[in-house]
Amino acid sequence: MAYQHIKLPEGGQKITRENGELKVPDNPIVGFVEGDGTGVDITPPVQRILDAGIEKAYGGKRKIHWAELYMGEKAAGIYNGDYFPEESLEAIKDLKVAIKGPLTTPVGEGFRSLNVSLRQSLDLFACVRPVKYYEGVPSPLRKPEEVDVVIFRENTEDVYAGIEYESGSAENEKLSRFLREEMGANFFEDAGLGVKPISPFGTKRLVRKAIEWAIEQGRESVTLVHKGNIMKFTEGAFRKWGYEVAAEEFPEQTITEDELWEKYDGKRPEGKIVIKDRIADIMFQLMMLRPGDFDVLATMNLNGDYLSDAAAAEVGGIGIAPGANISDEVAVFEATHGTAPKHAGKDKVNPGSLLFSATMMLDYMGWNEASELIQQAYEKVVTNKVVTYDFARQMDGAREVKTSEFADEVIKNL
């Protein structure tokens, strides 16, 4: 298709899908959104690291051709105030794979979250957040090396669906009257109201993707995280529907935790994935006390938001936490932290979140060799205590470097 402002690079080919399978040429076009705030600091060095890692891994036989897409403040300057241009969405659909820096979202007023809008517009129903420890990274845990979990967070439902009504509005008064008079509900006057949809469709496709990933990666368990003891018909239903997916669609590959103890005396049979569930508040404790007990977590939108950030704190913080938003057709990889405008343009922030999201992207594309090289190089650099300011203040004897200099060090260690 023809674009108004987006220019696809010459020499690259588009990634396609055939019968549901991703087809990646050796010269793929990958979309990127620089991002707001510190996006200008982290995106260019991450691209440099990726280009160098791919060159090293494949001897010049493979190369990403980058196509810049626009969202956020940069888009507003190009598209006459439009922070969320339609042609960028169309380009992501067309290119299949994209990566983005952080985007601005005002609190309490103005346009809705661009991140949420992107997920809903492209139906990117699975937010995938790996949480893994890298040697040398400062951590508050005594044994951070036990943390190696992937969180699958449902992206399109729950309170993040945005169905809410402001206190004092005509819509709020109408819904309040219906709830009180027709449904017998009791709540304080003038309360803001929100609706929390959790559906069998949304739940099952999320849990299905989590189980499929666990099978592909040889993981041992998938844990459904919920607050179903209180919210029985939403979060409790999520738990029920999750177990149904496992029993109906993966009967040969999965067993429940009850079956594990009743039939196998707690010893997992080879090749079987244990499906279990935990109450959300208990899960926060368990991720600190016994993180090695968990492989894959599947949960709803709000739980997943809290849990993925809390788990990231165990292995270095949100500054190095990777993430991706995935549908059955399209994948968008992203820095999971905010824009940090006070640090923007200072060449000082940690590029780890976007970098590890980029290595996730390489894995998704099937370029695992380059991904592994980059991760190993990163670990070497941090183990040598060559770090950006956020880690330097937590380490004795660290050498603090700029973002761009950190990228140089990673490239040297490929």
On a heavy-atom basis, which atom in V30 and which in A98 lie closest, and how many Å separate them? CG1-CA, 4.3 Å
Flag for S404-D347: side-chain donor and acceptor within less than 3.5 Å: yes
So, does S169 use its side chain to make a donor-acceptor pair with the main chain of Y165 at under 3.5 Å? no
Considering only heavy atoms from C-beta outward, does the side chain of E400 approach that of F391 to under 4.5 Å? no
Using only atom types and a distance under 3.5 Å, with no angle test, would you say the side chain of D190 pairs donor to acceptor with the backbone of S167? no
Would I49 and Y378 count as a side-chain contact (heavy atoms from CB on, under 4.5 Å) here? Give the steps. CA-CA 10 Å; I49 293 171; Y378 174 92; over 6 Å; no
When you look at L118 and N325, which way does the side-chain contact (heavy atoms from CB on, under 4.5 Å) test go after all the steps? CA-CA 9 Å; L118 178 64; N325 297 289; 5.8 Å; no
Just wondering, are more than 12 heavy atoms of other shown residues or ligands nearer than 6.0 Å to NZ in K346? yes
Give a yes-or-no answer on whether the side chains of S371 and D363 include a donor-acceptor pair shorter than 3.5 Å. yes
Classify the ring geometry between Y134 and F356 as parallel (under 30°), tilted (30 to 60°) or perpendicular (over 60°). parallel
Contact between V24 and V97 at the side-chain level, heavy atoms closer than 4.5 Å - yes or no? no
Of the non-hydrogen atoms in W367 and P25, which two are nearest, and what is the gap between them? CZ2-O, 3.5 Å
From CA spacing to verdict: side-chain contact (heavy atoms from CB on, under 4.5 Å), V207, Y243: CA-CA 9 Å; V207 175; Y243 276 116; over 6 Å; no
Rounded distance (nearest 0.5 Å) linking atom CZ of F333 with atom CD1 of I326: 5.0 Å
From the list T299, N303, D281, side chain to side chain donor-acceptor pair (under 3.5 Å) partner of K227 resolves to D281
Between CD on residue E220 and CG on residue D293, distance to nearest 0.5 Å: 10.0 Å
Rounded distance (nearest 0.5 Å) linking atom CG of L373 with atom CG of L414: 6.5 Å
Can you tell me how far the OG1 atom of T104 sits from the CE atom of M71, to the nearest 0.5 Å? 13.5 Å
Value rounded to 0.5 Å, distance of NE2 in H343 from CG in D41: 10.0 Å
N350 side chain to T388 backbone, donor-acceptor under 3.5 Å: no
Can you tell if the side chain of K96 reaches within under 4.5 Å of the side chain of T16, non-hydrogen atoms only? no
CZ on R208 to CD on E248, rounded to 0.5 Å: 10.0 Å
Would a line drawn from the ring center of F406 to the ring center of Y389 be shorter than 6.0 Å? no
Short question: side chain of R17, backbone of E329 - any donor-acceptor pair under 3.5 Å? yes
Do the side chains of L8 and K14 get nearer than 4.5 Å, heavy atoms only? yes
Exactly one of M360, K132, R129, M361 clears side-chain contact (heavy atoms from CB on, under 4.5 Å) with P322, and that residue is M360
Ring-face cation contact, F294 with R219, 6.0 Å cut, 45° max: no
Would you confirm whether K272, through its side chain, and E252, through its main-chain N or O, come within 3.5 Å as a donor-acceptor pair? yes
Under a 4.5 Å cut-off applied to non-hydrogen side-chain atoms, are I275 and F250 in contact? no
For E379 and Q375, which I'm curious about, is there any donor-acceptor pair between the side chains at under 3.5 Å? no
Side chain proximity check, I29 to P9, heavy atoms < 4.5 angstrom: yes
After noting the C-alpha distance and the side-chain angles of E171 and K174, does the key distance pass the salt bridge (Lys or Arg N to Asp or Glu O under 4.0 Å) rule? CA-CA 5 Å; E171 294 84 359; K174 184 177 181 179; over 6 Å; no
Between the side chains of T256 and D258, is a donor N or O closer than 3.5 angstrom to an acceptor N or O? no
Could you check whether any side-chain N or O of R177 sits under 3.5 Å from a backbone N or O of E181, counting only pairs where one atom can act as donor and the other as acceptor? no
Assess the residue pair L362 and I374 against the criterion (side-chain contact (heavy atoms from CB on, under 4.5 Å)); give the C-alpha distance rounded to whole Å, side-chain angles, the decisive distance to 0.1 Å, and a yes or no. CA-CA 10 Å; L362 293 179; I374 292 168; 3.9 Å; yes
Stepwise salt bridge (Lys or Arg N to Asp or Glu O under 4.0 Å) check, D328 with K209: CA-CA 9 Å; D328 291 329; K209 191 163 284 291; 3.4 Å; yes
All heavy atoms of T38 vs all of G338, minimum pair found to be OG1-O, 4.2 Å
Heavy-atom side-chain contact between Y133 and L141 under 4.5 Å: no
Got a donor-acceptor contact below 3.5 angstrom from the E314 side chain to the V147 backbone? no
Where the side chain of T223 meets the backbone of K276, is there a donor-acceptor pair that is under 3.5 Å apart? no
Do I279 and H226 make a side-chain contact, defined as non-hydrogen atoms from C-beta onward lying under 4.5 Å apart? yes
Answer yes if the side chains of E154 and T156 hold a donor-acceptor pair under 3.5 Å, and no otherwise. yes
Who pairs with Q47 by side-chain contact (heavy atoms from CB on, under 4.5 Å), at least two apart in sequence or on another chain? F32, T43, W66
Smallest heavy-atom separation, L89 atom then S121 atom, equals CD1-CB, 3.9 Å
Look only at the side chain of T403 and the backbone of V349, and say whether a donor-acceptor pair between them is shorter than 3.5 Å. yes
What is the minimum heavy-atom distance between L69 and G31, and which atoms define it? CD1-CA, 3.9 Å
Can you see which heavy atom on A321 is nearest to which on A312, and at what distance? CB-CB, 3.7 Å
Just wondering, more than 12 heavy atoms not from K402 lying within 6.0 Å of its NZ? no
Matching residue for N301 among R153, R119, E157 - test: side chain to side chain donor-acceptor pair (under 3.5 Å): R153
Under 3.5 Å: donor-acceptor pair, side chain of S327, backbone of F125: no
Counting only heavy atoms not in Y58, do more than 12 sit closer than 6.0 Å to its OH atom? yes
